[in-house]
K.L.:
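This is the structure, below, for whatever I ask next.
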Amino acid sequence: MKYAFSGKTAFVTGGTRGIGKAITEKLLAADAAVVIAYSTSQKDAETMCRMAEADGRRLFAVKCNVGDPVEVKAAFDFIEKHLGRLDFLVNNAGITRDGLAVRMSDEQWLSVMATDLNGVFYCTRSALRLMMKQKYGRIVNIASIVGLTGNAGQSNYAAAKAGIIGFSKSVAREMGSRDILINTITPGYIETDMVSGIPEAMKSRMLGSIPLGRYGSPNDVAGTVCFLLSEDAGYINGAVIDVNGGMY
Ligand code: NDP
């Protein structure tokens, strides 16, 4: 489906790779002005900005560790200065630090909480301040199937992703009357860097549990994000949308 986001502005966290990059490219193709946050991929961010400019699109990149409230505040200062308003926030940045709960270090637990859950809170809080003034906003969070099913070796990640769902449903109740909608996508297995280290045997077991018989692509998630940001989704709020090929 083609979307038209001319005049809209968006902030996508983790916009340089994988799912975030696909979301950014779809938003730019629909004519939105986009700011992406990167943590380490400065070169990729700069390349994307150059390519977008050559294409006549408006793309800006900010270095912003979403788990650090000071950096998030600076990113929103940048957004206010360069875009003036914020229509769409996509909380996409995420990491994994897998290990069994019994052996999990504080660092493994806290780093995943900081990026995957605290980051969603910090960015959403700042976005809401702008969106409340505008009386308009759309927020989409990228959680995970693992936040619904749990997964051995991913208790930290599952807890953070399940936390996003509760957070999102609460904000949906707080903000609906201001035409600020917030929804969560729970992707299944999507082929990106994040899953590239999974052993082949485990991958083929997973494939067997996907009724569509294929892994998801970043574009499968990006398409759903654009739908949720569009006016066609204007009555969807506090929802959790599976994008998993029927896996769960
Ligand atoms: P990738 O590992 O390919 O990309 C992760 C992105 O997050 C990168 O752009 C990275 O930026 C950014 N990022 C990581 N830490 C931070 C941070 N502290 N601050 C800002 N940005 C950060 O992952 P995917 O594209 O696969 O995942 C995107 C989202 O989708 C994540 O939330 C993930 O949990 C979720 N997801 C993914 C699934 C999958 O199968 N791939 C399944 C279910 C959910 P940089 O390169 O600059 O470090």
Side-chain angles (χ1 to χ4, degrees), residues 11-26 34-49 61-76 78 89-98 107 110-123 126 140-151 154 156-165 167-168 184-198 202-203 206-207 209-210 214-222 224-225 240-245 247-248:
F11 182 43
V12 181
T13 66
T16 49
R17 288 193 285 126
I19 294 170
K21 185 174 184 185
I23 294 167
T24 302
E25 285 171 347
K26 262 200 193 308
V34 185
V35 174
I36 50 173
Y38 64 88
S39 165
T40 56
S41 299
Q42 183 179 352
K43 280 218 168 79
D44 292 341
E46 286 169 359
T47 306
M48 281 176 72
C49 287
V62 286
K63 172 163 178 355
C64 170
N65 169 6
V66 294
D68 179 342
V70 176
E71 291 194 22
V72 170
K73 187 183 174 310
F76 276 82
F78 179 95
L89 167 65
V90 184
N91 285 309
N92 162 78
I95 58 167
T96 52
R97 294 282 183 276
D98 296 352
E107 193 281 328
L110 292 171
S111 59
V112 169
M113 287 299 151
T115 300
D116 295 19
L117 185 55
N118 297 355
V120 172
F121 165 60
Y122 296 140
C123 291
S126 289
V140 177
N141 303 309
I142 309 299
S144 168
I145 188 172
V146 168
L148 301 170
T149 61
N151 195 23
Q154 290 198 307
N156 50 355
Y157 184 72
K161 295 299 191 180
I164 291 174
I165 294 171
F167 173 72
S168 177
T184 301
I185 294 175
T186 46
Y189 184 106
I190 310 296
E191 281 202 292
T192 67
D193 294 346
M194 183 173 271
V195 295
S196 58
I198 296 179
M202 198 185 282
K203 272 193 188 176
M206 261 191 246
L207 189 56
S209 69
I210 304 172
R214 68 168 177 89
Y215 303 123
S217 75
N219 265 327
D220 289 322
V221 181
T224 310
V225 171
V240 180
I241 312 277
D242 295 333
V243 179
N244 63 27
M247 194 177 178
Y248 177 68

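Just follow the structure's listing: the first ligand is 1, and inside any ligand the first atom is 1. Quick caveat, the model's predicted, so the values are computed rather than measured. Numbers here simply count residues along the sequence, with the first being 1.
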K.L.:
Specify the protein heavy atom at minimum distance from atom 23 (O) of ligand 1: its residue, its atom name, and the distance to 0.1 Å.
P.N.:
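Answer for atom 23 (O) of ligand 1: Met194 CB, 3.6 Å.
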
K.L.:
So for Lys161, does at least one of its heavy atoms come nearer than 4.0 angstrom to any atom of ligand 1?
P.N.:
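Distance cut 4.0 Å: Lys161 passes for ligand 1.
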
K.L.:
Starting from atom 5 (C) of ligand 1, which protein heavy atom do you reach first, and at what distance in Å?
P.N.:
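For atom 5 (C) of ligand 1, the nearest protein heavy atom comes out as Gly94 O, 3.8 Å.
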
K.L.:
Going by the atom numbers of ligand 1, which of them fall below 4.0 Å from some non-hydrogen atom of Ile95?
P.N.:
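That gives atoms 14 (C), 15 (N) of ligand 1.
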
K.L.:
Would you kindly specify which portion of Ala114 sits under 4.0 Å from ligand 1, judged on non-hydrogen atoms: side chain, backbone, both or neither?
P.N.:
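Looking at Ala114 and ligand 1, no heavy atom falls under 4.0 Å.
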
K.L.:
Looking at Val240, is its backbone amide N or carbonyl O close enough to the side chain of Thr184 to form a donor-acceptor pair, meaning the two atoms are under 3.5 Å apart?
P.N.:
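Side chain of Thr184 to backbone of Val240, a donor-acceptor pair under 3.5 Å: no, none is there.
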
K.L.:
Under 4.0 Å from a heavy atom of Ala143: which atoms of ligand 1 are those, numbered in the order shown and with their elements?
P.N.:
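Going through ligand 1 atom by atom, the ones under 4.0 Å from Ala143 are 35 (C), 36 (N), 43 (C), 44 (C).
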
K.L.:
Answer side chain, backbone, both or neither: which part of Glu191 comes under 4.0 Å from ligand 1, heavy atoms only.
P.N.:
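Under 4.0 Å from ligand 1, Glu191 contributes no heavy atoms.
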
K.L.:
What is the distance from atom CZ of Phe78 to atom CZ of Phe11, rounded to the nearest 0.5 Å?
P.N.:
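It is 10.0 Å, given to the nearest 0.5 Å.
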
K.L.:
Tell me the nearest of Val66, Thr186, Val243 to atom 19 (N) of ligand 1, using heavy-atom distances.
P.N.:
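Going through Val66, Thr186, Val243 one by one, Val66 has the nearest heavy atom to atom 19 (N) of ligand 1.
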
K.L.:
Evaluate the side-chain proximity of Lys161 to Ile145: yes if any heavy-atom separation is below 4.5 Å, no if none is.
P.N.:
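Side-chain contact under 4.5 Å: no.
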
K.L.:
Any side-chain heavy-atom pair from Tyr248 and Leu148 closer than 4.5 angstrom?
P.N.:
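Sidechains of Leu148 and Tyr248: in contact.
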
K.L.:
I need the nearest protein heavy-atom contact for atom 46 (O) of ligand 1: residue, atom name and distance, please.
P.N.:
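Result: Ser41 OG, 2.5 Å.
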
K.L.:
Measure the distances from the heavy atoms of Tyr215 to every atom of ligand 1 and state whether one is below 4.0 angstrom.
P.N.:
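Per 4.0 Å heavy-atom rule, Tyr215 does not contact ligand 1.
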
K.L.:
Are Pro187 and Asn244 side-chain neighbours, meaning at least one heavy-atom pair lies under 4.5 Å?
P.N.:
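Not in contact.
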
K.L.:
Just checking Lys63: does its NZ atom have more than 12 heavy atoms from other residues, nucleotides or ligands closer to it than 6.0 angstrom?
P.N.:
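For Lys63, atom NZ is crowded (more than 12 foreign heavy atoms under 6.0 Å).
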
K.L.:
Do any N/O atoms on Ile19 end up under 3.5 angstrom from N/O atoms on ligand 1?
P.N.:
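Ile19 vs ligand 1: N/O contact under 3.5 Å present.
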
K.L.:
At under 4.0 Å between heavy atoms, is it the side chain or the backbone of Asn92 that contacts ligand 1, or both, or neither?
P.N.:
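Both parts.
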
K.L.:
N/O to N/O below 3.5 Å, does that happen between Ile145 and ligand 1?
P.N.:
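No, no N or O pair falls under 3.5 Å.
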
K.L.:
Considering only protein heavy atoms, which is closest to atom 16 (C) of ligand 1, and at what distance to one decimal place?
P.N.:
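That would be Ser39 CB, 3.6 Å.
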
K.L.:
Considering only heavy atoms of Ile142, which atoms of ligand 1 have at least one such atom less than 4.0 Å away?
P.N.:
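With Ile142 as reference, the close atoms of ligand 1 come out as 29 (C), 30 (O), 32 (O), 35 (C).
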
K.L.:
Is Thr192 in polar range of ligand 1, meaning some N or O pair under 3.5 Å apart?
P.N.:
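Checking ligand 1 against Thr192, an N or O pair does fall under 3.5 Å apart.
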
K.L.:
Please say whether Asp116 places an N or O atom under 3.5 Å from an N or O atom belonging to ligand 1.
P.N.:
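Asp116 vs ligand 1: no N/O contact under 3.5 Å.
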
K.L.:
Closer than 4.0 Å to some heavy atom of Thr115 - which atoms of ligand 1 meet that?
P.N.:
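That gives atoms 15 (N), 16 (C), 17 (C), 18 (N) of ligand 1.
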
K.L.:
Mind checking whether Gly20 has an N or O less than 3.5 Å away from an N or O of ligand 1?
P.N.:
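N/O-N/O distance under 3.5 Å: no.
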
K.L.:
Taking only heavy atoms of Ile190, which atoms of ligand 1 are found under 4.0 Å from at least one of them?
P.N.:
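Listed by number with element: 39 (C), 40 (O), 41 (N).
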
K.L.:
Does Asn118 reach the main-chain N or O of Thr115 with its side chain, forming a donor-acceptor pair under 3.5 Å?
P.N.:
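The answer is no, because no donor-acceptor pair under 3.5 Å joins these two groups.
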
K.L.:
At what distance is the nearest protein heavy atom to atom 42 (C) of ligand 1, and which residue and atom is it?
P.N.:
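Scanning the protein heavy atoms, the shortest distance from atom 42 (C) of ligand 1 goes to Gly188 O, 2.9 Å.
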
K.L.:
Which residue owns the protein heavy atom closest to atom 36 (N) of ligand 1, what's the atom, and how far is it?
P.N.:
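Among all protein heavy atoms, the one nearest atom 36 (N) of ligand 1 is Tyr157 OH, 3.5 Å.
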
K.L.:
Please walk me through it: do Val34 and Val12 pass side chain to side chain contact (heavy atoms under 4.5 Å, CB included)?
P.N.:
CA-CA 7 Å; Val34 185; Val12 181; 4.0 Å; yes

K.L.:
Is the closest basic N to carboxylate O distance between Asp193 and Lys21 below 4.0 Å?
P.N.:
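Answer for the salt bridge query: no.
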
K.L.:
Determine whether any heavy atom of Gly119 lies closer than 4.0 Å to an atom of ligand 1.
P.N.:
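Per 4.0 Å heavy-atom rule, Gly119 does not contact ligand 1.
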
K.L.:
Which residue supplies the protein heavy atom nearest to atom 10 (C) of ligand 1, what is that atom called, and how far is it?
P.N.:
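In this structure, atom 10 (C) of ligand 1 has Arg17 NH2, 3.6 Å as its nearest protein heavy atom.
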
K.L.:
I want to check something: taking the side chain as every heavy atom from C-beta on, are Met206 and Met247 in contact at a cut-off of under 4.5 Å?
P.N.:
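Met206 vs Met247: side chains touch.
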
K.L.:
Please check this pair: side chain of Thr96 against backbone of Asp98, looking for a donor-acceptor N/O pair closer than 3.5 Å.
P.N.:
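Checking the backbone N and O of Asp98 against the side chain of Thr96, no donor-acceptor pair under 3.5 Å is found.
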
K.L.:
Could you check whether any side-chain N or O of Glu71 sits under 3.5 Å from a backbone N or O of Asn65, counting only pairs where one atom can act as donor and the other as acceptor?
P.N.:
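Confirmed, Glu71 side chain pairs with Asn65 backbone.
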
K.L.:
Within the structure provided, determine whether Val62 and Ile36 are in side-chain contact (heavy-atom separation under 4.5 Å).
P.N.:
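They are not in side-chain contact.
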
K.L.:
What are the atoms of ligand 1, with element, lying closer than 4.0 Å to any heavy atom of Cys64?
P.N.:
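With Cys64 as reference, the close atoms of ligand 1 come out as 19 (N), 20 (C).
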
K.L.:
Atoms of ligand 1 less than 4.0 Å from Thr40 heavy atoms?
P.N.:
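Ligand 1 atoms under the 4.0 Å threshold to Thr40: 45 (P), 46 (O), 47 (O), 48 (O).
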
K.L.:
Any side-chain heavy-atom pair from Tyr122 and Val66 closer than 4.5 angstrom?
P.N.:
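No, their side chains stay 4.5 Å or more apart.
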
K.L.:
Backbone, side chain, both or neither: what part of Tyr38 comes under 4.0 angstrom of ligand 1, heavy atoms only?
P.N.:
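Contact part for Tyr38 vs ligand 1: both backbone and side chain.
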
K.L.:
So, applying side-chain contact (heavy atoms from CB on, under 4.5 Å) with Ile241, which one of Thr224, Val221, Val225 is it?
P.N.:
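The option that passes is Thr224.
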
K.L.:
Is there a side-chain contact between Ile95 and Asp116 in this structure, where contact means two heavy atoms from C-beta onward sitting under 4.5 Å apart?
P.N.:
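Answer yes - side chains close enough.
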
K.L.:
For ligand 1, which atoms, with element, lie under 4.0 Å from some heavy atom of Val195?
P.N.:
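It comes down to these atoms of ligand 1: 39 (C), 40 (O), 41 (N).
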
K.L.:
Can you tell me which residue and heavy atom of the protein come closest to atom 13 (N) of ligand 1, and the distance to 0.1 Å?
P.N.:
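The protein heavy atom lying closest is Ala93 CB, 3.8 Å.
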
